[in-house]
Amino acid sequence: MQFSYSWLKTQADTELSADKLEHLLTMSGLEVEEAETAAPAFAGVVIAEVKSVEKHPDADRLNVTQVDAGTGELVQIVCGAPNVKAGIKVPCSLPGAVLPGNFKIKPAKMRGVVSNGMLCSTDELGLPDDGVNGLHVLPQDAPVGANIREYLDLDDTVFTLKITPNRADCLSIKGIAREVSALTGCTFKQPAIHAAPITGSRKQPVQIDAPADCGRFISRVIENVNARATTPDWMKQRLERSGIRSISALVDIGNYVMLEIGQPMHVFDADKLSGSLHIRRAREGETLECLNEKTVSLSENTLVVADEKSALSLAGLMGGAASAVSDGTRNIVLEAAWFAPAVIAGKSRQYGFGSDSSFRFERGVDYRLQADAIERATELVLQICGGQVGEMVEAVGDLPSEKRVGVRLSRVAKVLGVDIAAEQVETILHKLGLQPEKTADGFQTASPSFRFDIEIEADLIEEIGRVYGYENIPDDATSGSLKMLPLPETRRPRFAVYNEMAARGYREVVSYAFVDEAWETDFAANANPIRLQNPLAAQYAVMRSTLVGGLVEILQNNLNRKQNRVRIFEIARVFAKNADGSFAQNERIGGLWYGAAMPEQWGEKTRNADFYDIKADVENLLKNSKIEFAKTAHPALHPGRAAEIVSDGRVIGFVGELHPKWLQKYDLPQAPLVFEIDMDAVLLREKTRYQPVSKFQAVRRDLAFVLPENVSYAELESSLKTVSSPLVQEIALFDVYRGTGLPEGMKSMAVKVVLQDMENTLTDEAVEPVMAKLVDAAAAVGGRLR
């Protein structure tokens, strides 16, 4: 919600400075995102009247003007604007003036003719574009010599509020003024609504065919209007400072009423309608050309305003082109309605466009405001466009019922931690329009029609607290005992994992749990992800079942910012469907390594990180558990450079290099390395066991086996470990050879075997039987001694 402070002051009689109001609104829950003056800083610009215009003697596109700037004598200024002419009043910057961007005005010669200043356009003053090619023409009653900032109120502050979905009542000047009145105690001056005298006989019949979707629909015909009338400057200014572009007088009036009191409206060309207006659900296959020049195919879940022939507008969202007003319009129908928020919510995303009206309707509009909006719009139409007014025609459907909510003073004190006097509580509730009535221990209130969010006692306590002022609640220290539960010996602290990842050079990241459906297909081969019924945006349509997509997106962002070495990790939940239809939420840790293995330096040659680098990080992360790596095929990973991580026979994660086809699709110069592991497995650790160090010398024996090329070391190691002997302390691979001396399709793997006895010095007689068993075990996978 964007609005100007000067407009707000017409309804809230406050003398607070803009800075203090900004702080007050933010602290009360209406966050001010931005507060800035209506125009950038400039000085020395006054109102001038052009007295004469002559062609420049040496330039076809320049004119030499004589202007009255209130200095007592005419000032000569060379001007190139195409709309300059005698008699107009325009902004004029005289020598010494400073325009936006610290542009200083000095006397100058232009093609040999002296120019003592500059006549200004809206762009040169930093004002919103007025659609005029040339000078900003002011009204004829503008006082010559007056400061333009004062005349146009350019020191007015424009606020932009971040309104939460439950505070739709503050999407209007009236709502914000009511709020400021409650917060400051200033007078709330509601806009005066006057019933227009009926001077016309024409009526527009209306009918609600979907009463559950539309609670009230009102129409009024105004005949013989002047659709070409010019929107007054004061209205244009207020609209522009509220972020709405002026279009035409009739359209501007509808927008103005919406901003002023909070009721969206629509204006139809009465002569383009056929019979009664109906509020109904769209028929399947029905189409509508909207005011934004888009033609949409309507679905049956969409509410429309229609006449006897066809749909005229998307109810609460946007009008149709066929019934729109134009410069040739003579008779109009004003329309104001109350639509159930649920029927409007989601339609902006469904059809790919939204509007200020839909933004309000889907949050909830005051269901008692429609007649006032019609009367206020009528008053403005008569004032600007003239015409004869017909009677209002009203149809009523299902409207919300008034809610009675009670609040106890004892509960207020307990929740807020401060005793607030009953009189002050009553004043706060009254200022908020809640009509409080005293009870034995508090008040009974009526939830007003403009506050859908007040349903239970806690809602009233929240209102009392924020109006009373969170800053006025004492910051007392909490009291109570904290029970520190011991962590089992078999589970390590979560922060140990964060510290370990940081110590190895990774930075923590946080990404959305809502992801693009393509990520699920690409990185998890998940063709049936958990879809959101009401996604934030198209790219956040499903719940993630893997962390890889978010890590790749963050890598892309870093690469776009010229970061060529990236190591990141995330600990978060992923989501999957269970066989019984329920949902599983498992916590995982995911990591990504891109670029060089080591930072650029003189003491180490630069090389890119490989599979074994990130595998070492995974092993370090799981050093407290017994794990194995097994070759796997994973949709996100490179075939042959991917492994699944196995612990106690259970797959707990994967590690590998990103698949080459995703490098091209996601525009990555080289392949990142990724891993993902169940967090429970990371936090789990074996119970610490202590054993004495042997006093006797260890023995090392090396064995070189010739094996088929397709046999992995993991298979060889697994076979060797079937030999059960307390003497074997370690088996490790230290060499792989392919080439001369070996049969085709064979390779050599050399392993070291470390043997040690805790009680005796080892002899050949004790070692040789164990070595023979190891050789026999290697034969099980096709291995023989080289």
Side-chain angles (χ1 to χ4, degrees), residues 4-7 9 18 36-158 230-238 240-241:
S4 74
Y5 197 9
S6 61
W7 191 5
K9 286 183 176 181
E36 56 183 15
T37 54
F42 63 82
V45 181
V46 298
I47 299 171
E49 182 179 1
V50 180
K51 291 297 187 180
S52 66
V53 179
E54 296 179 358
K55 276 293 189 183
H56 192 290
D58 296 321
D60 293 338
R61 296 186 179 181
L62 297 179
N63 294 294
V64 180
T65 68
Q66 300 293 326
V67 303
D68 178 7
T71 60
E73 57 184 19
L74 296 182
V75 180
Q76 179 172 288
I77 296 177
V78 178
C79 177
N83 65 334
V84 64
K85 62 181 180 179
I88 64 173
K89 292 183 178 180
V90 295
C92 174
S93 53
L94 298 175
V98 180
L99 296 183
N102 200 29
F103 181 70
K104 298 178 180 178
I105 302 298
K106 300 177 182 177
K109 279 191 176 183
M110 302 182 70
R111 294 288 184 92
V113 177
V114 175
S115 179
N116 292 308
M118 184 173 78
L119 305 183
C120 302
S121 66
T122 55
D123 183 60
E124 288 160 340
L125 296 179
L127 301 177
D129 184 12
D130 59 0
V132 175
N133 180 22
L135 303 176
H136 179 46
V137 180
L138 300 169
Q140 282 300 306
D141 60 356
V144 171
N147 187 307
I148 194 71
R149 292 195 74 91
E150 295 177 2
Y151 177 74
L152 295 179
D153 194 19
L154 299 182
D155 290 320
D156 182 19
T157 302
V158 176
T230 302
T231 303
D233 288 339
W234 61 266
M235 182 179 287
K236 283 184 180 179
Q237 183 187 87
R238 289 179 175 179
E240 287 169 356
R241 293 182 187 178

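Keep in mind that what you see is a predicted model, and the values were worked out from it rather than measured.
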Contacts satisfying side chain to side chain donor-acceptor pair (under 3.5 Å) that involve residues 53-74 (not counting sequence neighbours) are Gln66-Gln76
If you compare all heavy atoms of [X] against all heavy atoms of [Y], which two are closest, and at what distance to 0.1 Å?
| X | Y | result |
| --- | --- | --- |
| Gly80 | Leu62 | CA-CD2, 3.8 Å |
| Ala97 | Gly44 | CB-O, 3.5 Å |
| Ile47 | Ile148 | CG1-CD1, 3.8 Å |
| Ser121 | Gly134 | CB-O, 3.1 Å |

Considering residues at least two apart in sequence or located in another chain, which fulfil the salt bridge (charged side-chain N to carboxylate O under 4.0 Å, His left out) criterion with Glu49?
Lys51
Under the salt bridge (charged side-chain N to carboxylate O under 4.0 Å, His left out) test, which residues partner Asp155, sequence neighbours left out?
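Residues passing salt bridge (charged side-chain N to carboxylate O under 4.0 Å, His left out) with Asp155: Arg149.
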Is the shortest heavy-atom distance from the side chain of [X] to the side chain of [Y] under 4.5 Å?
| X | Y | result |
| --- | --- | --- |
| Val90 | Val67 | no |
| Val144 | Lys89 | yes |
| Ile88 | Asn83 | no |
| Pro139 | Tyr151 | yes |

More than 12 foreign heavy atoms under 6.0 Å from NZ of Lys9: is that the case here?
yes
Take atom CG of Asp123 as the centre, draw a 6.0 Å sphere, and report whether it contains more than 12 heavy atoms from other residues, nucleotides or ligands.
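Atom CG in Asp123 is not crowded, with 12 or fewer foreign heavy atoms closer than 6.0 Å.
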Could you walk me through whether Leu125 and Leu99 pass side chain to side chain contact (heavy atoms under 4.5 Å, CB included), step by step?
CA-CA 7 Å; Leu125 296 179; Leu99 296 183; 4.1 Å; yes
Could you state the interatomic distance from [atom1] ([X]) to [atom2] ([Y]), rounded to the nearest 0.5 Å?
| X | Y | atom1 | atom2 | answer |
| --- | --- | --- | --- | --- |
| Ile105 | Cys120 | CD1 | SG | 6.5 Å |
| Thr231 | Arg238 | OG1 | CZ | 14.0 Å |
| Asp153 | Trp7 | CG | CH2 | 13.5 Å |
| Leu135 | Glu124 | CG | CD | 8.0 Å |
| Leu152 | Leu138 | CG | CG | 6.0 Å |

Polar side-chain atom of Ser93 near backbone of Met118 as donor-acceptor pair, under 3.5 Å
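Such a contact is found between Ser93 side chain and Met118 backbone.
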Donor-acceptor contact below 3.5 Å, side chain Asp156 vs main chain Tyr5
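Flag set: sc Asp156 to bb Tyr5 pair under 3.5 Å.
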Output, in order, the C-alpha distance, side-chain angles, deciding distance and verdict of side chain to side chain contact (heavy atoms under 4.5 Å, CB included) for Val50 and Cys79.
CA-CA 11 Å; Val50 180; Cys79 177; over 6 Å; no
